[in-house]
Number of protein chains: 2
Amino acid sequence: MLNTYGIHRAVAYNAVMKVENPTSRDIADIAGVSQATVSRALRNSPLVRPETRDRIQKIARELNYFVNRNAAGLRTHQSNTIALLMFDETGGDDAQINPFFLSMLGYITRSAAGMGYDVLASMQQLTDDWHVEYQASHRADGLILLGYGDYVAYRRKLDALAAANTRFIIYGAVAADQPGLSLGCDNVRGGHMATAHLLGLGRRRIAILGDISKRHPEFAARHDGYVAALDDAGLEHDESLRIFADNTEEDAYRAVRAFLDSGTGFDGLFAVTDMLAIGAMHALADAGRQVPQDVSVVGFDDLPRAAYVNPPLTTIQQNIREAGEGLVKTIVGLIEGEDVASSQLEPKLIVRQSCGAL
Amino acid sequence: MLNTYGIHRAVAYNAVMKVENPTSRDIADIAGVSQATVSRALRNSPLVRPETRDRIQKIARELNYFVNRNAAGLRTHQSNTIALLMFDETGGDDAQINPFFLSMLGYITRSAAGMGYDVLASMQQLTDDWHVEYQASHRADGLILLGYGDYVAYRRKLDALAAANTRFIIYGAVAADQPGLSLGCDNVRGGHMATAHLLGLGRRRIAILGDISKRHPEFAARHDGYVAALDDAGLEHDESLRIFADNTEEDAYRAVRAFLDSGTGFDGLFAVTDMLAIGAMHALADAGRQVPQDVSVVGFDDLPRAAYVNPPLTTIQQNIREAGEGLVKTIVGLIEGEDVASSQLEPKLIVRQSCGAL
DNA sequence: GCACCGTTTGACAGCGCTGTCCATTCAGGC
DNA sequence: GCCTGAATGGACAGCGCTGTCAAACGGTGC
């Protein structure tokens, strides 16, 4: 390949000859215009005459030419890429990851593509500061964090990101003094809905299942909604109806079995996630309790499987599509200098057969 | 920010001052070496004295400097990125996507990270030639394709990729004359294992559930294994025991209900995926058939939920971890000019309670 | 003291693109 | 015919890095 201008490799182009890894200069030589004009034409600049533009674009298409993103990115100081970081703090067992994330990933990549952005995906345990690097190295213009697991453990990261001036948005976990943008479902409202539904069916002894500590702000918020609903109904909330479980099906199973063994009476159960609800329903079934007659169960998330467990699970749906699209729209807005803010999405009660009137 | 050499913005550096978006030149000025030396030091070149290297790296760390990937990529003509394209041809309902993919994604991103590569994720319906662009635009050095759905529909894409000299590897779908590299589970062997297991339990009327047409080469291969196992046992395979279903739980449910209504007798069922098996088990239960007594069921994939359905599902496990890591290792090998080849992974029979002796 | 050599560093070009500034062209008005 | 201004395209610099080549440096042996 000659690169001496004037004897450029593509000058001798004709309909037959193809250039192997064409650059905009090759296209320019073939089209008989300057390289700058090619650049403009391909970005649909109004500065080039439509006929010229079309001719150039046609040649580019024929030669399978695409703008070199490294060069463009170097020049413009942006990558048109957002990094999607999935924090996996459940202990590293991939098989247990909430399939919810996969749907989200789909909506995120598609709506990012629609806005001209690529998505760099990463799933890791928390190590030191790998996440700061994405923006500093110009690989991504902004970050979306899908935190899953222990909030306390990654709160430090949020502070580090904020300190490094990184543009980021976090899904779900929202604590009052948290830096950066966030988007999540209105967990308080969701918890309220779930509990109010059980109350509406005449249930009075409603247990809550999950880790509602500060480690999981979203679960804690669901608990707040639960308490508020009880309060609205004029009921005290009974601390003995709190069942702790890590967010896995197995742990929920164990916890509910143990709770049943303890003999505490209850007629309703609000599990802070569907995975927990499903584990709980197995435990109830294995202990000979009828769902929904003896105990009515409400979950949270509306996993695909929620509709197929036995009985089908009443749950609170997070609008995954809105969430994914909202995350992208917000982070892109932040990148492009618009005025954006954190927001919450409305949860929705999905009624199925795991709840019944007393 | 002054960029005139000699009055460079970072020249006046002292322990307190920090540069905002440092470049290697800033580091050089501060360290009192040339920019080239900084570049070398950060890549651990043996050409720089260890003390100099350490000093430079320390400064870089302090200033939160990271190599600009666009600039490096422009210079070296590579991006150290692989694109992961998830073909979604199931009709676009994200909720039904196989959670299998999510685990895979985890292994892929982690092993890519371990080899110094980032992963660009994309989930799309098939459009024209978007996937060719990744390499041509220097956004990715190679592609991993996780095809899901209709093979016929994306076979055209594989040919286009091959024609454009794109480096790619496809997971799962393997047809004899297919271009490019592939890695998948040995589906014939898996189908054989599943069927042989049922035969070993005394089952003789074994139905097969799924779309085993050429649209799904991996399912067709599982069917081949099924036929081979029957053959090994001296049994004819009975075409009336083929139950067609799209790869969703609901469709499997409907198909099996219809099959039961048709009155064809059977005592074993090999579902070509776990999702199908789960739908089938619901259908059997709702029709009053006992699993495993009346009908023993084997699935394929070993989804996380397979262990938690009722009864727990006997299935063929694809080693997702090996698969994810193998895909990355192979595509990186291809990118870096090593001698790599397509390969198949050994499936494994996971025995649970959905099968029993007759 | 000097030529020689290995080690370490610096100077420099240029990867392919975009944005700025300048040159050319042409239509229309005088 | 000449001037003006809009429309169109070209020249050029430089984004931040890496690889090549050459220079400087500090021993070593004669």
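Heavy atoms only: backbone and side chains are in, while hydrogens, waters and symmetry mates are out. Throughout, a chain's letter reflects where its sequence line sits, starting with A, and its residues are numbered from 1. Because the structure is a prediction, the values reported are computed rather than measured.
Atom P of nucleotide dG19(D) and atom CG of L42(B) are separated by 13 Å, given to the nearest angstrom. We find that CG of N80(B) is positioned 15 Å from P of dC17(D), with the value rounded to whole Å. When the P atom of dG16(D) is taken as reference, atom CG of D26(B) falls 9 Å away, rounded to whole Å. Between the CG atom of L74(A) and the C1' atom of dC17(C) there is a distance of 8 Å, given to the nearest Å.
Nucleic acid contact class of H138(A) (heavy atoms, under 4.0 Å, all strands): none. Using a 4.0 Å heavy-atom criterion, one finds that S24(A) contacts the sugar-phosphate atoms exclusively. Residue contacts shown for T76(B) are limited to sugar-phosphate atoms, with no base heavy atom under 4.0 Å away.
For the residue pair T23(A) / R25(A), no side-chain donor-acceptor distance below 3.5 Å is found, with atom types taken as modelled.
The side chain of N68(B) sits closest to dG16(D) out of dG16(D), dG19(C), dC17(C).
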Footprint string (nucleotides 5-11 of chain D, 5' to 3'): B base within contact, S backbone only, - free, heavy atoms under 4.0 Å: ---SSBB
Let me check something: any side-chain donor-acceptor pairs from residues 48-55 of chain B under 3.5 Å, sequence neighbours excluded? List them with distances.
{"residue": "R49(B)", "atom": "NH1", "partner": "E51(B)", "partner atom": "OE1", "Å": "3.3"}
{"residue": "R55(B)", "atom": "NH1", "partner": "A31(B)", "partner atom": "O", "Å": "2.7"}

Per-pair distances, 0.1 Å, donor-acceptor, side chain in residues 324-337 of chain A, under 3.5 Å, sequence neighbours excluded:
{"residue": "E325(A)", "atom": "OE2", "partner": "R321(A)", "partner atom": "NE", "Å": "3.1"}
{"residue": "T330(A)", "atom": "OG1", "partner": "G326(A)", "partner atom": "O", "Å": "2.7"}
{"residue": "E336(A)", "atom": "OE2", "partner": "Y117(A)", "partner atom": "OH", "Å": "2.9"}

Given D141(A) and R167(A), is the salt bridge (charged side-chain N to carboxylate O under 4.0 Å, His left out) satisfied, shown in steps? CA-CA 7 Å; D141(A) 300 327; R167(A) 289 177 289 263; 5.0 Å; no
Take Q57(A) and N44(A) through the test side chain to side chain donor-acceptor pair (under 3.5 Å) and record every step on the way to the result. CA-CA 9 Å; Q57(A) 292 191 346; N44(A) 292 314; 2.9 Å; yes
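Ion pairing of R155(B) with D177(B) is present here, as a side-chain N (NZ or NE/NH1/NH2) and a carboxylate O approach within less than 4.0 Å.
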